[in-house]
Amino acid sequence: MSTPVRDAEEPRWSVRGEHRTDPRVRLYCFHHAGGSASEFTRWHRYLPQDVDVCAVQLPGRGARVGERPHTRMRPLVEELAGQIGTDLPTVFFGHSFGALVAFELARALVEAGGPAPRHLFLSARPAPGLVTHEGSIHDLPEEEFLDVVERRHGGVPAELREHPELRRMVLPYFRADYEVIETYRPEASGPLPVPATVLGGTDDGIPLEQLEAWQEHLGGPFALRMFPGDHFYLRPRRTAVLNLVRAVAG
C-alpha cells in the first residue's frame, strides 16, 4: 500500500498520493467538514498518469495540526488563492463543505485576473445561500455536536466517541469547519463563468432544487448527476465519480 507523499519542497497545505512526472492538468480536491486530505490521497490510482491529484489540507489537521483552523470563509480562501499553482490547467473537486471552498476559491481567482479552473465538480452541497438544516451547531457540547452531525450526514467515526484524546485533536477543526459554513454569506456578484458538474447522493436529504440552484451562480455549461447513496456516496461510487472527472481532466 502506498502512503501519501510529501517532500521538502511540497507545501504543508497539499498532499499527493504520488508525484506525477509530466502532468498535463492538476486536480485540486477539497474535503468535507471535519475531514482531511486523506479523503482523496488514493484517487491518483484511478486517474491517468498525466493528472496530478493534489488533495488540499486545511489548517488544524495532518501536517498542519499545529495551525489554528479557519473559522471564516474569506481568510480561508485568501490563503489558498495565494498557493494555487498557475503552471498547469486546473480542475476543482469539492465535497460538501469543500464544494463551497472550491466555488469561492474559483471566484477569487477569476476576480483577481488569474486563470479559472477548467471545470468545477461541486458535490453534496446546496447552492450558496441555501441550507438543508437550520440552526447553528458548531458551539454545541461535544456529544450533542457529534450526534447532530451523525443524524445529518453520517460518517462520524466511532473512535471519536471512544477516545477522548482523539476528540481533543479532531473537534477543534471539526467545529471550525462548521463555523465557516454557518457564518458564510455569499457575496452578490454575477455568475461564475466556469463549466460545472453538481453531484449528489439520492439518499443524502438535500432537496434536488437546492442542487439545481447552483445554476444561478454559474455561467458556464452545467450538469447535474445523482448517484445512489448518502452524503458519502462518492466512496462506494468512486469509479463512476472518477469517470466523470477523467472525462474532463484526463
I'd like to know if [X] pairs up with [Y] as an ion pair, taking the criterion as any Lys NZ or Arg NE/NH1/NH2 lying under 4.0 Å from an Asp or Glu carboxylate oxygen.
X	Y	value
Asp204	Arg125	no
Arg167	Glu159	no
Arg151	Glu144	no
Glu18	Arg45	no

His133 ring center near His153 ring center (under 6.0 Å): yes

Distance-only side-chain donor-acceptor flag, Thr132 / Gln210, under 3.5 Å: yes

Exercise: do Arg16 and Thr41 side chains pair donor with acceptor under 3.5 Å: no

Aromatic ring pairing His217/Trp214, orientation class (parallel under 30°, perpendicular over 60°, tilted between): perpendicular

More than 12 heavy atoms of other groups within 6.0 Å of Arg68 CZ: no

Residues Phe30, Phe97; criterion ring pair (Phe, Tyr, Trp, His ring centres under 6.0 Å); working and verdict: CA-CA 8 Å; Phe30 303 85; Phe97 164 56; 9.7 Å; no

Under 3.5 Å donor-acceptor pairs involving side-chain atoms of residues 191-200, not counting sequence neighbours:
{"residue": "Thr197", "atom": "OG1", "partner": "His119", "partner atom": "NE2", "Å": "2.8"}

Identified side-chain contact (heavy atoms from CB on, under 4.5 Å) counterpart of Leu166 within the set His163, Glu162, Arg168: His163

His231/His95 under ring pair (Phe, Tyr, Trp, His ring centres under 6.0 Å): CA gap, chis, key distance, verdict: CA-CA 9 Å; His231 193 65; His95 180 66; 5.2 Å; yes

